[in-house]
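What follows is a short report on a single structure.
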Amino acid sequence: MCRWAAYRGKPLYLEELVSSPAHSLIEQSHCATRAKTATNGDGFGIAWYGERPEPGRYRDILPAWSDCNLKSIARQIRSPLFLAHVRAATGGGTRRDNCHPFVHGVWSFMHNGQIADFEHLRRPMESMLDNDLYAARTGATDSELLFLLAMQFGLERDPLAAMAETIGLVERLAAQLDRKVLVRFTAAFSDGRTLYAVRYATDFRAPTLYAAPMDRTGGYCLVSEPLNDDTDAWVEIPDGSAVVLGEDGIDVQLFAPDSRAGPAELAVVG
């Protein structure tokens, strides 16, 4: 399982989440405490928003703890909204194209979780993409494919509904193909204005997600694990929840996959 951290608020140096805290994201890359494995050394990435609509991005296959460039970038870049991720691969090789966050246009996305029997679901999932989105796929992970499917299903119009439709599709495909129905999905995604997150699992064992205010900025961070030992500051987001961080602060809602089947899906499965 991977570890990630995201922030929205007044501009903040990336190091405030990535490298400075006692249990920073770099610390979690080799000493995670709330994951199946303590080490997340299969690459890392950051995506941040500045003065241009599209996010900047830096990714590499080195473990986060061994990349001096990451620490330097995190110390120098200040952003009002950014996503950072350290990877423990559950599928797809250790290569830059498989490192999170993924970006498409103004959107960025990162994920912690898995799809059971993905190797059997991959082709019908890819067939749902139009030509442009299919051509945009450069890696081999289930995470990138989930992101592009959400783009296909209207991420730009209604982000949470698009994610609900995406996860519902995967669960229905697995059932109709007589494969194990299991999606574990804790993800963050943004268009540069609003930060969204979802924590959901078919078996109610979703990867962890916590939220806390950043007192100095009035913003909030969302993380896989608390960045320090201030237990009063960190609130665990329940399984089956969506988080929206916007101009009006933080809002936590119920989240469930869309159970409706569409004609394109039935044609693929049939």
Side-chain angles (χ1 to χ4, degrees), residues 1-8 14 17 25 40 42-49 53-59 79 81-92 96-115 118 122 125-126 128-130 132-170 183-200 206-207 209 221-224 237 241-246 255 257:
M1 290 296 179
C2 308
R3 304 282 85 182
W4 60 252
Y7 169 81
R8 187 199 184 281
L14 274 59
L17 273 65
L25 196 62
N40 297 272
D42 296 318
F44 67 87
I46 51 177
W48 68 94
Y49 292 86
E54 303 85 5
R57 182 174 57 167
Y58 175 59
R59 301 183 294 174
S79 170
L81 199 162
F82 58 88
L83 287 66
H85 186 278
V86 292
R87 183 172 183 245
T90 56
R96 188 173 286 108
D97 285 343
N98 288 337
C99 292
H100 309 222
F102 303 100
V103 300
H104 186 76
V106 301
W107 285 90
S108 56
F109 172 91
M110 62 185 178
H111 171 235
N112 178 20
Q114 64 187 110
I115 299 172
F118 174 63
R122 174 177 174 172
M125 288 171 64
E126 289 179 337
M128 301 291 174
L129 300 174
D130 64 28
D132 289 342
L133 287 171
Y134 182 82
R137 180 158 161 79
T138 60
T141 65
D142 54 357
S143 302
E144 183 188 25
L145 186 48
L146 287 168
F147 173 44
L148 293 174
L149 280 170
M151 294 294 303
Q152 181 74 45
F153 296 149
L155 191 69
E156 296 173 311
R157 298 187 304 273
D158 190 336
L160 295 181
M163 283 299 171
E165 185 172 354
T166 298
I167 295 174
L169 165 73
V170 175
V183 178
R184 291 179 180 158
F185 183 87
T186 299
F189 44 102
S190 179
D191 60 357
R193 299 185 302 272
T194 305
L195 175 62
Y196 303 89
V198 169
R199 183 185 182 199
Y200 168 82
L209 178 61
C221 61
L222 302 172
V223 298
S224 296
I237 303 300
S241 297
V243 181
V244 181
L245 274 170
F255 178 87

Looking only at non-hydrogen atoms, find the nearest pair between [X] and [Y] and report the distance.
X: Pro101; Y: Gly45; result: CD-C, 3.4 Å
X: Ala150; Y: Met163; result: CB-CE, 3.6 Å
X: His100; Y: Asn98; result: CD2-O, 3.6 Å
X: Leu160; Y: Phe255; result: O-CE1, 3.8 Å
X: Leu25; Y: Ala5; result: CD1-N, 4.2 Å

Can you tell me if Ser79 and Tyr7 form a side-chain donor-acceptor pair at under 3.5 Å? no

Please evaluate residues Ile237 and Thr186 with respect to the criterion side chain to side chain contact (heavy atoms under 4.5 Å, CB included), reporting the C-alpha separation (whole Å), side-chain torsions for both, the decisive distance (0.1 Å), and the verdict. CA-CA 10 Å; Ile237 303 300; Thr186 299; over 6 Å; no

Less than 4.5 Å apart, side chain to side chain, heavy atoms only: is that true for Arg8 and Tyr196? no

Please examine the side chains of Asp97 and Arg59, heavy atoms only from C-beta on, and report whether any two atoms are closer than 4.5 Å.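 Yes; the side chains approach each other to less than 4.5 Å.
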
Are Phe185 and Tyr200 an aromatic pair, judged by ring center distance below 6.0 Å? no

With side chain to side chain contact (heavy atoms under 4.5 Å, CB included) as the criterion, how do Thr141 and Phe118 come out once you've worked through the C-alpha distance, each side chain's angles and the decisive distance to 0.1 Å? CA-CA 9 Å; Thr141 65; Phe118 174 63; over 6 Å; no

Distance from Leu146 atom CG to Thr166 atom OG1, nearest 0.5 Å?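 Going from the CG atom of Leu146 to the OG1 atom of Thr166 covers 7.0 Å.
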
Measure up the [X] and [Y] rings against each other and bin them: parallel (under 30°), tilted (30 to 60°), perpendicular (over 60°).
X: Phe147; Y: His104; result: perpendicular
X: His111; Y: Phe109; result: parallel
X: Phe189; Y: Trp107; result: tilted

Show, in sequence, the C-alpha distance, side-chain angles and deciding distance for Leu83 and Leu195, and conclude whether the side chain to side chain contact (heavy atoms under 4.5 Å, CB included) test is met. CA-CA 9 Å; Leu83 287 66; Leu195 175 62; 4.3 Å; yes

